[in-house]
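Here the structure is a predicted model, which is why all the values come from computation and not from measurement.
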Amino acid sequence: MSLLTAGATAQEGVMATLLTFGPLVLIIILMYFIAIRPQKKEQKRLALMISEMSIGDSVVTTSGFYGVVIDITDEDVIVEFGSNKNCRIPMRKAAIAEVEKAEAE
């Protein structure tokens with residue numbers, strides 16, 4: 001009889017543990033699908049966009065400036081701002097927020 005009672009008590013302990021930690025596990029899974037997964041997806045999209053960037057593409061920097069890429073190195077790009085063609089600024093590729101491909105003529 002004591003084995004039956006011990007088995008029932010162990011089963012109740014498992015159920016209590018599941019009821020205690022179950023909501024916590026659900027919250028962690030929910031946070032993964034709401035916050036972490038979309039962020040990783042956006043990082044992959046941005047990395048692909050920057051890797052496909054070429055000379056002549058129009059870009060928008062993270063600070064909101066519009067320009068045209070005139071040179072690309074491994075880590076940096078040189079972007080020409082404005083219509084006077086005298087404002088050329090080297091910047092990190094990480095500072096590029098959007099890339100619009102140049103139209104082929």
Single-linkage hydrophobic cluster, 4.5 Å side-chain cutoff, I34 and I27 together: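 Each belongs to a different hydrophobic cluster.
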Donor-acceptor pair, K101 side chain versus G56 backbone, under 3.5 Å?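 Such a contact is absent between K101 side chain and G56 backbone.
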Drop me the distance from T73's OG1 to I78's CD1, to the nearest 0.5 angstrom.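 It comes to 7.5 Å.
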Rounded distance [0.5 Å steps], OG1 in T20 versus CE in M15: 10.5 Å
Please give me the minimum heavy-atom distance between D57 and S54, naming the atom from each residue.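 That closest heavy-atom pairing would be OD2-N, 2.8 Å.
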Least distance between heavy atoms, I50 atom then K93 atom: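 Minimum heavy-atom contact is CD1-O, 3.3 Å.
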Report all side-chain donor-acceptor pairs from residues 59-72 shorter than 3.5 Å, counting only partners two or more places apart or in another chain.
{"residue": "T61", "atom": "OG1", "partner": "S63", "partner atom": "N", "Å": "3.4"}
{"residue": "T61", "atom": "OG1", "partner": "S63", "partner atom": "OG", "Å": "3.1"}
{"residue": "T61", "atom": "OG1", "partner": "G64", "partner atom": "N", "Å": "3.4"}
{"residue": "T61", "atom": "OG1", "partner": "F65", "partner atom": "N", "Å": "3.0"}

side-chain contact (heavy atoms from CB on, under 4.5 Å) partners for S51, two or more places apart: L48
Are R92 and E75 close enough, and set up right, to give a salt bridge (charged side-chain N to carboxylate O under 4.0 Å, His left out), and what steps lead you there? CA-CA 6 Å; R92 296 276 180 192; E75 295 178 5; 2.6 Å; yes
Using the side-chain contact (heavy atoms from CB on, under 4.5 Å) rule, take R45 and M49 through it: C-alpha gap first, then chi angles, then the decisive distance, then the call. CA-CA 6 Å; R45 185 194 67 80; M49 179 180 63; 4.0 Å; yes
Linking Ile, Leu, Val, Met, Phe, Trp and Tyr by side-chain heavy atoms under 4.5 Å, what else ends up with I29?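 I29 shares its hydrophobic cluster with V25, Y32, F33, I36.
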